[in-house]
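If you're wondering where the values come from, they're calculated on a predicted model, not measured in any experiment. Side chains included, hydrogens not; waters and symmetry mates left out as well; all remaining heavy atoms used. Below, chain A is the first sequence line, B the second, and so on; all start at residue 1.
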2 protein chains.
Amino acid sequence: MATTRDRQLEDRELVEQWRSIQSSYFRTAGAIDRALEAKFDIGLNEFEILDLVADSEESSCRMKSLGERTPMTQSAVSKVVDRLEKAGLVSRQTCAEDRRSLFLELTEAGRAIHANAAVEHRALLKENLG
Amino acid sequence: MATTRDRQLEDRELVEQWRSIQSSYFRTAGAIDRALEAKFDIGLNEFEILDLVADSEESSCRMKSLGERTPMTQSAVSKVVDRLEKAGLVSRQTCAEDRRSLFLELTEAGRAIHANAAVEHRALLKENLG
DNA sequence: TGTCATTGAATGACGTGTCATATAGATTGA
DNA sequence: TCAATCTATATGACACGTCATTCAATGACA
């Protein structure tokens, strides 16, 4: 039978586990964010969108499907794409079959940045998670 | 010898692992945040500070040491404490030995909210991590 | 003791995320 | 075919976190 003491112990362990997830998440996200910001002038979320676009080359009307592969909100995605577009890394293409939708395409510059940033990204993941 | 293909595979796995951490972090943090917001009108960060203050009862000049036990910035902590103080859950006490420092103390209301919120918090951790 | 560096905390400007809403295009069914 | 409804994206108001800075108190050391 579970005593009060058992429950307190279990709680402590849960909280410990949570703190450790939190700190590992923040450490990793922070490291990547700072590095990308410094070297390529884009943040982590910008990179994640670039990365998604890069590896879903030429398929469905994107904005929508992007939202499904990221914890970001639809409006967050929209704004990240705004910035990427302003930075000339991505372009929105209208979609013939459904004119509400938009395709995303990497520009040359976008492809170049992504290629370099991805190396950095993977390296930092390895360093922080591996 | 590691081939290009090996490296690509390793990268994919790293990225998968990262996405899974991310989504688990966001799912858990989001669930807790929404629940605390709805039931007690405080956010996750507010709760975490309450929780830290609650379990470091009566010790060193706090603001400082709090910052060390959380991934939050010093200024973030300061602002969270602002809100907690405005909500009447916590009070800042001046510290005699070092007049730059501040103690934090839970008010009665703070203690009450914390007790209930902690139950919710642990339950949601269990549900999301367990 | 008087200067200089350091430390604990608060603050303002700013960027970015969220929620609620707006808008335009698509779909359904009478 | 026309309303009603739904769906994809954009946008504005707002909340909150960060960085840089400020301010007061402290410490160090000549």
Side-chain angles (χ1 to χ4, degrees), chain A residues 22-23 25-27 29-38 41-49 52-53 59-87 90-105, chain B residues 22 25-27 29-34 36-38 41-49 52-53 59-87 90-105:
Chain A
Q22 267 188 317
S23 88
Y25 176 75
F26 279 113
R27 184 171 31 77
I32 299 177
D33 197 57
R34 280 187 298 276
L36 295 180
E37 200 76 63
D41 202 41
I42 59 176
L44 178 53
N45 283 347
E46 279 80 1
F47 174 79
E48 308 231 334
I49 294 297
L52 286 176
V53 175
S59 58
S60 60
C61 302
R62 226 55 65 39
M63 290 295 286
K64 186 63 200 319
S65 72
L66 243 56
E68 289 156 7
R69 284 185 285 174
T70 204
M72 284 182 249
T73 296
Q74 174 264 318
S75 83
V77 172
S78 178
K79 289 177 186 193
V80 168
V81 171
D82 279 353
R83 276 174 254 141
L84 288 172
E85 200 171 28
K86 260 162 210 143
V90 131
S91 78
R92 285 187 239 235
Q93 311 285 40
T94 68
C95 171
E97 306 97 57
D98 183 342
R99 304 215 312 278
R100 293 166 303 181
S101 292
L102 295 172
F103 282 95
L104 292 186
E105 226 178 50
Chain B
Q22 267 189 317
Y25 175 76
F26 279 113
R27 184 170 31 75
I32 297 175
D33 196 58
R34 280 187 298 276
L36 295 180
E37 201 75 63
D41 201 42
I42 59 176
L44 177 53
N45 283 346
E46 278 81 2
F47 174 77
E48 308 231 334
I49 295 297
L52 286 176
V53 175
S59 59
S60 60
C61 303
R62 227 53 68 38
M63 288 296 286
K64 186 62 200 320
S65 72
L66 244 54
E68 289 156 7
R69 284 186 284 176
T70 203
M72 284 181 250
T73 296
Q74 174 264 318
S75 84
V77 172
S78 177
K79 291 179 185 191
V80 168
V81 171
D82 279 353
R83 276 174 254 140
L84 287 172
E85 200 172 25
K86 261 162 208 143
V90 131
S91 79
R92 284 185 239 237
Q93 312 284 45
T94 69
C95 170
E97 307 97 56
D98 183 341
R99 302 216 309 278
R100 293 166 302 181
S101 292
L102 295 172
F103 283 95
L104 292 185
E105 226 178 50

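Atom CG in A:D41 sits roughly 10 Å away from atom P in C:dT16 (whole-Å rounding). If you take CD1 of A:I49 and C1' of C:dG17, they are 13 Å apart, rounded to a whole angstrom. Spacing between atom CE of A:M72 and atom P of C:dC19 amounts to 15 Å, rounded to whole angstrom units. Atom-to-atom, CG of B:L84 to P of C:dA10 comes out at 13 Å; the value is rounded to the nearest Å. Atom CE in B:M63 sits about 18 Å away from atom P in C:dT7, given to the nearest Å. Spacing between atom CG of B:D82 and atom C1' of C:dA10 amounts to 8 Å, rounded to whole angstrom units. Going from atom CG of B:L104 over to atom P of C:dG8 covers 15 Å, rounded to whole Å. Distance CD (A:E46) to C1' (C:dT16): 9 Å, rounded to an integer number of Å.
Atom CD of B:E48 and atom CE of B:M72 lie 5.5 Å apart (nearest 0.5 Å). Distance check, rounded to the nearest 0.5 Å: CD of B:E37 to CG of B:L44 gives 10.0 Å. Here the CG atom belonging to A:L84 is positioned 14.5 Å from the NZ atom belonging to A:K79, to the nearest 0.5 angstrom.
For B:S78, taking side-chain heavy atoms from C-beta onward, the closest of the listed nucleotides C:dT11, C:dT18, D:dA10 is C:dT11. The nucleotide whose nearest atom lies closest to any side-chain atom of B:Q74 is, among C:dA9, D:dT26, C:dA26, C:dA9. Of the candidate nucleotides D:dT9, D:dT11, D:dA20, D:dT9 has the atom lying nearest to any side-chain atom of A:L102. Listed nucleotides: C:dT11, C:dA9, D:dG17. Nearest to the side chain of B:A76: D:dG17. For B:D98, taking side-chain heavy atoms from C-beta onward, the closest of the listed nucleotides D:dA25, C:dA26, D:dT9 is D:dA25.
Between A:F103 and A:T94 the shortest heavy-atom distance is CD1-O, 4.0 Å. In terms of heavy-atom proximity, A:L104 sits nearest to A:R62 at O-NH1, 3.1 Å.
Taking side-chain N and O atoms only, B:S101 has no distance below 4.0 Å to OP1 or OP2 of C:dG8. In this structure, B:R99 does not reach the C:dA9 phosphate: none of its side-chain N or O atoms is under 4.0 Å from OP1 or OP2. An OP1 or OP2 oxygen of C:dG15 is reached within less than 4.0 angstrom by no side-chain nitrogen or oxygen of A:R83. Between A:N45 and C:dG17 there is a side-chain N or O to OP1 or OP2 distance below 4.0 Å. Checking the phosphate oxygens (OP1, OP2) of C:dT27, no side-chain nitrogen or oxygen of A:R100 falls inside 4.0 Å. Between B:K64 and C:dG8 there is a side-chain N or O to OP1 or OP2 distance below 4.0 Å.
In terms of position along DNA chain D, the nucleotide closest to A:K79 lies nearer the 5' end than the nucleotide closest to the other residue of the pair A:K79 and B:T73. The residue among A:V80 and A:E97 whose nearest nucleotide of DNA chain C is located toward the 5' end is A:V80. The residue among A:R34 and B:A96 whose nearest nucleotide of DNA chain D lies closer to the 5′ end is A:R34.
Using a 4.0 Å heavy-atom criterion, one finds that B:R92 contacts the sugar-phosphate atoms exclusively.
Judged by distance alone, the side chain of B:Q74 and the main-chain N or O of B:G67 form no donor-acceptor pair under 3.5 Å.
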